[in-house]
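Notes follow the structure.
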Protein chains: 2
Amino acid sequence: MVVGLGPGGAEGMTAGALEALGQAEVIVGYHVYIELIRDLIGSREVVSSGMTQELERCRQAVRLALSGKRVAVVSSGDPGVYGMAGLVLEVLEQAAPDSRLSVKIIPGVTAATAAAALLGAPLTHDFAVISLSDRLTPWDLIVRRLEMAARGDFVTVLYNPRSHGRQIQLRQAGEIFLKHRPSETPVGVVRNAGRDGEEVWVSNLQKFTGLPVDMLTTVIIGNSQTRILNGRLVTPRGYQT
Amino acid sequence: MVVGLGPGGAEGMTAGALEALGQAEVIVGYHVYIELIRDLIGSREVVSSGMTQELERCRQAVRLALSGKRVAVVSSGDPGVYGMAGLVLEVLEQAAPDSRLSVKIIPGVTAATAAAALLGAPLTHDFAVISLSDRLTPWDLIVRRLEMAARGDFVTVLYNPRSHGRQIQLRQAGEIFLKHRPSETPVGVVRNAGRDGEEVWVSNLQKFTGLPVDMLTTVIIGNSQTRILNGRLVTPRGYQT
């Protein structure tokens, strides 16, 4: 099983995710997420490791599952959105191409909609989701996607917007949108959605790159219709209302 | 409160959504969704109505809330993705611009990730979400977004893909993507995700419009990297692996 934990605490987890964790014999995950669900794990076997160890964790999980154990790989948010679901399926296919092992993926609340709910309702119309991490994706492809999202008037959600090692990408992203949208276009920024230290800012396209954006942050850039109502971001459902 | 019910049954609902429903004095929603949660409502007051009555339901909910009642407006999936969250905030702003009424939005698992989990892991890289309904959005804007999503190599999720009254939009969408992607590009189609009568098809760009796609269906069009592994759609996390 690949289990989405939602944005943070237990209140964001689905009943299906809780049930899947209850059934697992081994729980595999990034150590920070394992700590978030420590109370639910009890005395069961845990395989945890660091942030860049995703591939090795998936291999261990697949080995354990092929040996007959019921394994839950945990992933924050939704496991299919920049999460572990794809890697588990890829590793399984390489390790045992004809395996009949059943992999159940339990969806979760992804950071885009968790952040949107805290900001108001910025995603009520068409939107694009783009990761600014160029660790596994060429930067020129990411730039092309930012251009297309800006030109298509998509509300745009940025995952992995900035890290210690990646400072210029967010500024470049902002510049691309400034070519297509006014500088006062609303931008919402949420850090630690659903977790301790949650912070929510309503900003705009001119100013948002000055906020303390990091890897725990989700950025939502409004489109031409997004407005601020009572301090909250709202993109109307229709263009004809 | 605006509460996301997730894709269908109680197992897709978060603990936070269950808690919000438990606290509500009045529950407001589309009658089909009210039936899905009838067991959770008990004897409490319900305001339910039909599919095109969203605006009137929001007005009733806001009136009740301004009169002091604790109201939960329910919305399937995530209430911020083509859901009721935006409309509630808009109606409140019109009805009582200076109101201090607190509106809490409880996110849920949206159809895009619920469908993706059943198909495999098609959304593991950047994606766009587009509704094909031109009831409130000009069709030429929807076409522009489809073009931009296709040109940006976004995995693309189609909401509201086809209804009795809207038959040609899905075919046109398919034709736009066929200009930019090979006809064998994987396409996943999920009907009634998480509900009775759930159906999952793995198809391709040439053939998917022939499937029984309707308003209860979510369509996910793969990008240039999406593959079929053991019968499941997978978009790899990186372009450099």
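Since we're looking at a predicted model, the values are computed, not measured.
When heavy atoms are compared at a cutoff of 4.5 Å, Val234(B) approaches chain A solely by way of its side chain, counted from C-beta outward. Using a 4.5 Å cut-off between heavy atoms, Ala10(B) touches chain A through its backbone atoms (N, CA, C, O) alone.
The distance from atom CD of Glu11(A) to atom OG1 of Thr14(B), rounded to the nearest 0.5 Å, is 7.5 Å. To the nearest 0.5 angstrom, Thr124(B) atom OG1 is 9.0 Å from Leu87(A) atom CG. Leu89(A) contributes atom CG, which lies 13.0 Å from atom CD1 of Ile228(B) (distance to the nearest 0.5 angstrom). Taken to the nearest 0.5 Å, the CZ atom of Phe154(A) stands 9.5 Å off from the CZ atom of Arg144(B). Once rounded to the nearest 0.5 Å, the distance linking CG of Leu123(A) with OG1 of Thr110(B) reads 9.0 Å.
Of the listed residues Ala121(B), Gly108(B), Ala117(B), the one with more heavy-atom pairs under 4.5 angstrom with chain A than any other is Ala117(B). Ranked by heavy-atom pairs shorter than 4.5 Å toward chain B, the options Leu233(A), Val155(A), Leu229(A) are led by Leu229(A). Ranked by heavy-atom pairs under 4.5 Å with chain A, the first of Gly194(B), Gly16(B), Gly80(B), Ala112(B) is Gly80(B). Highest contact tally toward chain B, considering only Ala17(A), Ser131(A), Gly6(A), Gly4(A), is held by Ser131(A) [criterion: heavy-atom pairs under 4.5 Å]. When each of Val109(A), Val129(A), Val2(A) is scored by its heavy-atom pairs under 4.5 Å with chain B, the top score falls to Val129(A). Annotation: maximal heavy-atom pairing with chain A below 4.5 Å, among Ala116(B), Pro79(B), Ala128(B), occurs at Ala128(B). Taking Ala149(A), Pro7(A), Gly120(A), Pro122(A) one by one and counting their heavy-atom pairs under 4.5 Å with chain B, the maximum is reached by Gly120(A).
Listed in order of number, the residues of residues 97-106 of chain B that approach chain A to under 4.5 Å between heavy atoms are Pro97(B), Val103(B), Ile105(B).
A salt bridge links Arg227(A) to Glu90(B): at least one charged side-chain nitrogen sits closer than 4.0 Å to a carboxylate oxygen.
Side chain to side chain, Tyr82(B) and Asp126(A) meet the donor-acceptor criterion of an N or O pair below 3.5 Å.
Side-chain atoms of Arg145(B) come within 3.5 Å of backbone N or O of Asp153(A) as a donor-acceptor pair.
Surrounding CD of Glu93(A) are more than 12 heavy atoms belonging to other residues, nucleotides or ligands, all under 6.0 Å away.
Between Glu147(B) and Arg151(A), every side-chain heavy-atom pair lies at or beyond the 4.5 Å cut-off.
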